[in-house]
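Each remark here refers to the structure printed beneath this line.
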Amino acid sequence: MKQKFTLIELLVVVAIIGILGSLLLPSLSKARMTSRIAVCKSNLKQVYTAQVLFADDNDGMVFTNNKGPEWMTLTKFNKNFDSDGFPKNKYAGQFIHSDGSPFLVPYLGPSDSAVYACPATEIDKTSDYYPTNKWGFKDRSYEGFMDRNSGYPVKWDQVYALGFDSASIHTRLWAEKTRKPFVIDAFSQSGGLAGDSKFHNNTGNYNLLVTDGSVVKYYLPYSLADTAAKKMYMEAAMGY
């Protein structure tokens, strides 16, 4: 005669399975995040290749800007004029590509492709900016360091970074360096843009694309506001 399991025995088995599951879930979650961060790194490499191709087509010029990922799919350079109404630079308001294509589309494919977004970023879709896609951050999550407000292409050796001092007009940093910070797999929360979005689970660990094509680890404590401290962390990541 076959012996049946008792209720107590079944409950013990269920409890053991529950305990094992609770032990495994953190490991699985960590492995999933590690995988996503690796994809972000690969995407940044593709962004670099796209910049190289753009430079080949445009006299060695490259382009990014800060305050969101809109630069990736702009069709025109930002219109910026001085107090007399004249463009601040010859690129203001000009098409990036003669056929009106968004900036990286000829090199990375359609602007809704997965390569434009870091899967380790969890976009807050309840943010006021998400429905209107302000600054182009909808399903895109890479940001540069050059000036958005007077953004225009520069030669590789002229790439610079803003946002690492407290001056009303930020100092352009590290332009004299041979290796410079170029693109990060996160974006700023200026003006509440990001809402409650999470970047790499808000651990402060990011991938940083450098102008030599390498991708380095960049640690920046989440929500850090002190610009002097931000500069210190960036210099540590770059080995300055």
If you take all heavy atoms of [X] and [Y], which pair is closest and at what distance?
X    : Y    : result
Y206 : L220 : CE1-O, 3.7 Å
M146 : V154 : SD-CG2, 3.7 Å
K45  : S214 : NZ-CA, 4.0 Å
G144 : W71  : N-NE1, 3.6 Å

Just by distance, with hydrogens left out, do T227 and D165 show a side-chain donor and acceptor under 3.5 Å apart?
no
Donor-acceptor side-chain pairing of N207 and Y218 below 3.5 angstrom
no
Report the distance from atom [atom1] of [X] to atom [atom2] of [Y], rounding to the nearest 0.5 Å.
X    : Y    : atom1 : atom2 : value
S141 : N43  : OG    : CG    : 8.0 Å
R36  : T34  : CZ    : OG1   : 11.0 Å
E143 : R148 : CD    : CZ    : 10.5 Å
N201 : M33  : CG    : CE    : 4.5 Å
I37  : F199 : CD1   : CZ    : 13.5 Å
Q158 : Y152 : CD    : OH    : 7.5 Å

When Y142 is tested against each of V183, I184, T64 for side chain to side chain contact (heavy atoms under 4.5 Å, CB included), which residue passes?
V183
Result of checking V216, D185, L208, V215 against K41 for side chain to side chain contact (heavy atoms under 4.5 Å, CB included)
V215
Partners meeting side chain to side chain donor-acceptor pair (under 3.5 Å) with [X] (sequence neighbours left out):
X    : answer
D59  : none
T203 : N205
D157 : none
N65  : none

Is there a side-chain contact between [X] and [Y] in this structure, where contact means two heavy atoms from C-beta onward sitting under 4.5 Å apart?
X    : Y    : answer
I96  : T75  : no
M61  : K155 : yes
M238 : V210 : yes
K180 : Y160 : no

Under the rule for side-chain contact (heavy atoms from CB on, under 4.5 Å), what residues qualify as partners of Y48, not counting sequence neighbours?
V52, W156, L209
Pairing residues for K231 by the side-chain contact (heavy atoms from CB on, under 4.5 Å) criterion, not counting sequence neighbours
F164, L173, W174, E235
Side-chain donor/acceptor pairs under 3.5 Å, residues 103-122, sequence neighbours excluded:
from : atom 1 : to   : atom 2 : distance (Å)
Y107 : OH     : D57  : OD2    : 3.0
S113 : OG     : P110 : O      : 2.8
Y116 : OH     : G109 : O      : 2.7

Would you check, one step at a time, whether the test side-chain contact (heavy atoms from CB on, under 4.5 Å) holds for V62 with F182?
CA-CA 10 Å; V62 294; F182 196 34; 4.1 Å; yes
side-chain contact (heavy atoms from CB on, under 4.5 Å) evaluation trace for F54 with H97
CA-CA 10 Å; F54 178 80; H97 298 287; 3.9 Å; yes
Applying salt bridge (charged side-chain N to carboxylate O under 4.0 Å, His left out) as the test, list every pair that has at least one member in residues 199-213; sequence neighbours left out.
R179-D212
Using atom types as modelled and distance alone, determine if a side-chain donor or acceptor of Q51 lies under 3.5 Å from a backbone N or O of F63.
yes
Using a 3.5 Å distance criterion without hydrogens, assess whether the side chain of N58 forms a donor-acceptor pair with backbone atoms of A55.
no
After noting the C-alpha distance and the side-chain angles of E70 and R140, does the key distance pass the salt bridge (charged side-chain N to carboxylate O under 4.0 Å, His left out) rule?
CA-CA 8 Å; E70 73 166 353; R140 289 182 284 279; over 6 Å; no
Which residues pass the ring pair (Phe, Tyr, Trp, His ring centres under 6.0 Å) test with F95, not counting sequence neighbours?
none
